[in-house]
Visitor: 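Take this structure, written in C-alpha cells, and hold onto it; I'll ask about it next.
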Amino acid sequence: MSIIEAKGIYKTYQETKIPVNALNGVDLKIEEGEFTAIVGPSGSGKTTLLNILGGLDLPTEGDIFIEGTNLKQLSSRQLIDFRLHNIGFVFQAYNLIPVLTARENTEFILELQKVPKKERRKQATQLLEAVGIADKADHRPGQLSGGQQQRVAVARALASQPRFIIADEPTANLDSKSTNELLEIMAEMNRKYRSTFIFATHDQRVMDKARRIVTIDDGKIIGDETFEGR
Amino acid sequence: MLIAIAWRNLWRNKLRSAVIFSSIAVGIIGAVFSDGFMSGMTDQRVNAAIANEVADIQIHQPAFLLNGEIRYQIPRAQRIAQKIRTLPEVKGVSLRMKTQAMAASANAGTGINLYGVNPADERKTSDLHTHIIEGKYLSENQKIPVVIGQKLSRKLDLGIGDKLIVTLTDSSGTITNSAFQITGIYKTANDRYDAASVFVNKKDLAKVIGYPASSGDEIAIRLKNSRNTPAVMKKLNRIFRKEVQKKRIILQSWDQIQPLLKSMVSMMNYFSYLFLLIILAALAFAIINTMLMAVMERTREIGMLMALGMNKRKIFLLIMLETVLLSVVGAILGLLFSILIVNHYATYGFDLSSVASGLNYLGYSSRIFFRVNTNFYVMSIVLVALIAVLSSISPALKALKLQPATAIRDMI
C-alpha cells in the first residue's frame, strides 16, 4: 500500500470574488522511502499540493489517504494530532521557534508527543549529531546560519518519527554549500532510515538529487519521471 | 516548555514589554499609594477618635442618648465601672459626668460639652493629657481647674490662669453659673472637638450640679487593643445582660457612637478597590493591544506551531500564559516599589502641613502615616492576573482563528 494516495484532488480558493483553481484533478501515489521533488513554475499549485499532502489544507474535491486514513474524515483536532504523529515538516523560512535553542526546538515536537524528558533529550542529541550540528545544540536560531537552521529543522522533522517529511522549498534561502550539505543530510537520512521525503522546489540542485520528479502546471500533473540509481 | 516559550517571548520585544511592565507598575503604585494614604488617614482619624474622644466602648442610660441631660445617671455606676476594670482586656475605665453647658469669657460665649472626670481614671482612658500644649492637665490638688482646647481658648480669648464662666442646669433644673480657672490648654488634630470639649474635676462639677461625686452619666472604656472591641462588647453584654435587658444601661462601641466614622472606613476601603479596578480596566486595553500586536507579528510562527501539531488548547494556553506573565511581572515590580513607598511614609509620614488648617478642621492630622493591608497587596496581584486572563481571550481567539495553511502561505 502507498503511504500517500491522492485521488482526483481539486482545490479552489474563494478568497476574492473570482475563484482561483489551484489544483485541477491531481492523482498521485507516494511509496515508502521515496525522495521525490514536486516541481513547477510559481503559481503552478505545488505548494497547494504539498499542503494537502501534509494535511495542512483539505481538498475542495477528491480524497487524500495516508496509509488508508482519509484525511477529509478527520475533525480538525484529529487532523492536528494526525500531523503530529505522522508528518514531518521543513519549511522555507521561519522554521524554528526563535526563543528555543536548537536542542529545545528538536525536543519540542517530542514533548508534544508526550515523550518522557530523559528520552527526548537523548533522541534530540542523537538527531542533532546525525545532522552534524551537535556542537550548536545550545544556540538559538538567531545565532545559527540559514543552513544550520535548516539542519535543525530536519532534525526536528525526523524527531517525531513521521511516516514522511514534507519540505517546501527548503533550500530557497541557502547558498550552494549549505544547499549541498542539507541535501546530502536528507539523502543520507532517506538511505539510512528509509525516511520518505517530498519536496516542493524549483531549485535545480534539489531536482538533481531527487529520484522522482513530479512536474505540475496549472494545477495538473504534466510529468512524472523516476531516476533509478540516484 | 510552554512556560519557557511564553517567558522568553516576553523578552523578544524588550521595549514593548518594558512599556507594559511600567504601565502596570505605575498603575499598581498609584492604587497602593492612594490606598495607603486613605487607610492611613482613616486609621489616624479612628485612632484619634478612640484615643482622645470616645474611647472604645461607652455605657449610658438609654434616655441619656436622646437629649444628653445629666439627670439620666447610670444606676450603680461605680459598681459597674469597678467590675469592668477587672477584665484583662481593659486598659482604663472612666466614670464621667457629662453635660451640655455654655462657656463664656468677657468677650464671647459658646456651647460646650462639659466633662467632669476623675483625673487618674481619665488618664488611663483617654490620651488627651498627652496633647497639652500649655499649662498642665487636671489633677486633684489644683483649685477648680479646667482644661480647654486651643480652639476654644482662641475663640474666647482666654489663656492659662484666666477664668472660664460656665452656665449649666443643676440637678434641680435650675440654671446656675460657676467659674473655673484654666490650668491647661490641649490641641488634637480635630478642631471641632477642641472647640467644644471642656474638662473639669468631677468632684468640682458634682458640687455645682448637686450630684454625688461617685455618680456619672457616661462610662468610657478603653481597651488594651482596639481590635478586641467586638469581643469585649459581647462579653460586657453578657455580664450586664440583666441591666441591658431592663434598659437601665446601653453599651455602644466606638463605631456605634460615631457611625459616620465607621462608614467612612468602609467607604475608603471600597474606593481603594474601585480605584484599583478602574486603573486595571484601563491597563487591560493596553495589554490587549500589545498581545494582539504580538499575535499578528507571529502569524507565521503560530501557523508553524499548528502545522507541527500543537493543538488549539496549547496555542490558547501559550498566549494566555504570555499575557499573564507580562502582567504579573509588571504587578510584582509595581508592588515592590509600592511596598518601599508605603514603608517610607508609614515610618516618616506624608507631610500635608500646607493644608493643615483644612485637614484639622475636618478632624484629620496633617501628617499621614500610610497603611496598606496585606489583603490589598494580595488582591492587587489576583486582580492583575484575572484581568490578564480576561485580556488574553481576544488575542488568543485571534490566534486560534489562524489556519495553518493560510498562515504558512504568508511564509512562502
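Bear in mind that the values here come from a model prediction, so they are computed numbers and not experimental data.
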Visitor: Heavy-atom count around D218(A) CG within 6.0 Å, excluding the residue itself: above 12?
Guide: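 It does not: D218(A) CG has 12 such atoms or fewer within range.
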
Visitor: What side-chain donor-acceptor pairs closer than 3.5 Å can you find for residues 268-292 of chain B, not counting sequence neighbours?
Guide:
unit_1: S272(B); atom_1: OG; unit_2: D35(B); atom_2: OD1; d: 2.6
unit_1: S272(B); atom_1: OG; unit_2: M268(B); atom_2: O; d: 3.1
unit_1: T290(B); atom_1: OG1; unit_2: A286(B); atom_2: O; d: 2.8

Visitor: Please assess R8(B) against E104(A) for the test salt bridge (Lys or Arg N to Asp or Glu O under 4.0 Å), listing each intermediate value before the final yes or no.
Guide: CA-CA 13 Å; R8(B) 292 181 199 172; E104(A) 287 168 337; 2.6 Å; yes

Visitor: Between the side chain of R83(A) and the main-chain N/O of A307(B), is any donor-acceptor distance below 3.5 Å?
Guide: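 It does hold such a pair.
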
Visitor: Around atom NZ of K398(B), are there more than 12 heavy atoms from other residues, nucleotides or ligands closer than 6.0 Å?
Guide: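 Atom NZ in K398(B) is not crowded, with 12 or fewer foreign heavy atoms closer than 6.0 Å.
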
Visitor: Please check if the number of heavy atoms outside R12(B) that lie under 6.0 Å from its CZ is greater than 12.
Guide: yes

Visitor: Going from CG on L318(B) to CD1 on I97(A), what distance comes out if it is rounded to the nearest 0.5 angstrom?
Guide: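 Reported to 0.5 Å precision, the distance equals 8.5 Å.
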
Visitor: Name all residues meeting the side-chain contact (heavy atoms from CB on, under 4.5 Å) criterion together with Q148(A); count only those two or more places apart in sequence or in a different chain, and write none if there are none.
Guide: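 In terms of side-chain contact (heavy atoms from CB on, under 4.5 Å), with neighbours along the sequence ignored, Q148(A) is linked to I133(A), K136(A), L144(A), S145(A).
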
Visitor: Show the atom names and distances, to 0.1 Å, of all donor-acceptor pairs under 3.5 Å that link a side chain in residues 37-46 of chain A to residues at least two apart or in another chain.
Guide:
unit_1: S44(A); atom_1: OG; unit_2: P41(A); atom_2: O; d: 2.7
unit_1: K46(A); atom_1: NZ; unit_2: G40(A); atom_2: O; d: 3.1

Visitor: Could you tell me if the side chain of N311(B) sits less than 4.5 Å from the side chain of D81(A), heavy atoms only?
Guide: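 Not touching, per the 4.5 Å side-chain cut-off.
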
Visitor: When heavy-atom pairs shorter than 4.5 Å are enumerated against chain B, which of L112(A), T48(A), I87(A), I52(A) gives the highest number?
Guide: L112(A)

Visitor: For side chain to side chain contact (heavy atoms under 4.5 Å, CB included), just list the numbers for L56(A) and M306(B), CA-CA rounded to whole Å, side-chain angles, deciding distance to a tenth of an Å, and then say yes or no.
Guide: CA-CA 9 Å; L56(A) 295 176; M306(B) 286 175 154; over 6 Å; no

Visitor: Taking NZ in K117(A) as the centre, count heavy atoms belonging to other residues, nucleotides or ligands within less than 6.0 Å. Is the count above 12?
Guide: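 Counting other residues, nucleotides and ligands, NZ of K117(A) stays at 12 neighbours or fewer.
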
Visitor: Side chain, backbone, both or neither: which part of I109(A) has an atom under 4.5 Å from a heavy atom of chain B?
Guide: side chain

Visitor: Taking side chain as everything from C-beta outward and backbone as N, CA, C, O, which of these in F82(A) sits under 4.5 Å from a heavy atom of chain B? Side chain, backbone, both or neither.
Guide: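 Contact with chain B involves no heavy atom of F82(A) at all.
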
Visitor: Should the heavy atoms of other residues, nucleotides or ligands under 6.0 Å from CE of M293(B) be counted, would the total exceed 12?
Guide: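 Atom CE in M293(B) is not crowded, with 12 or fewer foreign heavy atoms closer than 6.0 Å.
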
Visitor: With chain A as the partner chain, list the residues of residues 381-393 of chain B whose heavy atoms fall under 4.5 Å from it, by residue number, and write 'none' if nothing qualifies.
Guide: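 Near chain A, by residue number: none.
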
Visitor: Hey, mind stepping through F108(A) and M310(B) against side chain to side chain contact (heavy atoms under 4.5 Å, CB included) and telling me if it holds?
Guide: CA-CA 10 Å; F108(A) 177 70; M310(B) 191 160 166; 3.5 Å; yes

Visitor: Report, as yes or no, whether the 6.0 Å neighbourhood of atom CE on M267(B) holds more than 12 heavy atoms from other residues, nucleotides or ligands.
Guide: yes

